[in-house]
Amino acid sequence: MDLYPFFDWLDTSMLADISKAHGGVFAVVQMFHLLGMSILGGMVLVGDLRLLNVVMRDTPSEIVIENTHKWFSIGLATMIISGIFLSSAVSLKLYYNEMFWAKMSALAVGIAFFYLVRRPLLSVPHEGIKPGLLKLMALTSIAIWFTVAASGRWIGFS
Amino acid sequence: MLNEWLLSLARFLDAQNWSTQIHESIYLYAWIETTHVLTLMVFLGMLFVIDLRMLGLAFSNVRASTIAERLDKPMMIGLVLMVITGVLLYFAIPVRTTQSLWFRIKVVLIVFAAVNAFAFRARMQASVSTWDTDPTPPRHIRMGAAASILLWAGVVVTGRTIAYDWFDCHKELPYAIYWAAGCVDEMAAFASE
């Protein structure tokens, strides 16, 4: 599916008018993008490091994981909403940027992994899950979100 | 006086080979900046978890002291890496960064955030035994956590705006901005007019 029409529309939308004309607004929205990414990153790291037995070993992993879900979603929503605004400033340039699509692919994998794999699997008592599988899931999760963040930053250099 | 000294130091650093090599490298500067942003995610991520607990908005069924103590080490690891990469980024472009109004505001906000963190930690240690298991901590603790989030949000936005040239010294700006940004030569030219 070619998404060019969406990027073409975004380039001439009201969002683009604001993001292109007002650098201050762009910077503040970028702050929310980074803060959303930090909230998401914090929740991912705390949950995954707990599964890896690195932090909060005296707190059951089910409690730690359960507490991260709501704020993960808030961080993700903040990232996506602010990300669409940021994209509007250079939407056609992004459409032709390979690193942007690498980030979008990693993001799609991350969202699918979180909501379709990690969350359902961890909704049962963790004692019933093989420790090796828990650790593999944590490492995979960290790797995916690291890729999202790193490729996102690299868009600016490519 | 301070501005002249800071500019002299920046020019000295700018004359070093290392500074030029980082700045002109195709990938090194990008890698350092990417690491800076990723470690910011580690540091701020842990900070958010702690502050959200202190605001009573997350992990309310876990002791506040457990969250603060167990996440302190990964947060400090993130902070140390962030500071190291931040110093390298400054070292790569010392003169422009020294004369960046945003960088100066960022440094002031970091100082305020550090003072708030020490005061917050002292207040927390003094009283945590009385509210450790409460889902919502007392007001003074919540205020400290809110201040922490706001100050670090300010650090992020001013860090980002360093890249913009709105208040760079080469532009025609009011004297007060030249003074705040430390535009020593422009201030001298202004005075001689």
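Side chains included, hydrogens not; waters and symmetry mates left out as well; all remaining heavy atoms used. Labels below follow one simple rule: chain letters A, B, ... track the order of the sequence lines, proteins then strands, and each chain is numbered from 1.
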Checklist line | Evaluation steps, side-chain contact (heavy atoms from CB on, under 4.5 Å), between A:L34 and B:M41 | finding: CA-CA 8 Å; A:L34 285 169; B:M41 199 169 82; over 6 Å; no
Considering distance alone, list the donor-acceptor pairs between chain A and chain B shorter than 3.5 Å.
from   : atom 1 : to     : atom 2 : distance (Å)
A:Q30  : OE1    : B:R160 : NE     : 2.6
A:D58  : OD1    : B:R70  : NE     : 3.3
A:D58  : OD2    : B:R70  : NE     : 3.0
A:D58  : OD2    : B:R70  : NH2    : 2.4
A:N67  : OD1    : B:F59  : N      : 3.1
A:N67  : ND2    : B:N61  : OD1    : 2.8
A:W71  : NE1    : B:L57  : O      : 2.9
A:R153 : NH2    : B:E33  : OE1    : 2.6

Next item on the list: Under 4.5 Å between side-chain heavy atoms, chaining through other members, with only Ile, Leu, Val, Met, Phe, Trp and Tyr counted: pull out the rest of the cluster around B:L38, sorted by chain and number.
Entry: A:F146
Next item on the list: Give the member of B:L52, B:L47, B:I149 that has the highest number of heavy-atom pairs under 4.5 Å with chain A.
Entry: B:L52
Should [X] and [Y] be regarded as members of a common hydrophobic cluster, given that ILVMFWY residues are connected when their side-chain heavy atoms come within less than 4.5 Å of each other, either directly or indirectly?
| X | Y | result |
| --- | --- | --- |
| B:L150 | B:V108 | no |
| B:F12 | B:L7 | no |
| B:M75 | B:F118 | no |
| B:F112 | B:M143 | no |
| A:V90 | A:L86 | yes |

Item checked: Pairwise distance CE(A:M56) to CG(B:L71) - rounded to 0.5 angstrom ->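 One finds 5.5 Å between CE of A:M56 and CG of B:L71.
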Please classify the contact between [X] and chain A as side chain, backbone, both or neither, with a heavy-atom cut-off of under 4.5 Å.
| X | value |
| --- | --- |
| B:L57 | both |
| B:L40 | both |
| B:V62 | side chain |

Item checked: Which portion of A:V64 sits near chain B, non-hydrogen atoms under 4.5 angstrom -> both
Check: Side chain, backbone, both or neither: which part of A:L40 has a heavy atom under 4.5 Å from chain B?
Finding: neither
Check: Does A:F85 CZ have over 12 foreign heavy atoms under 6.0 Å away?
Finding: yes
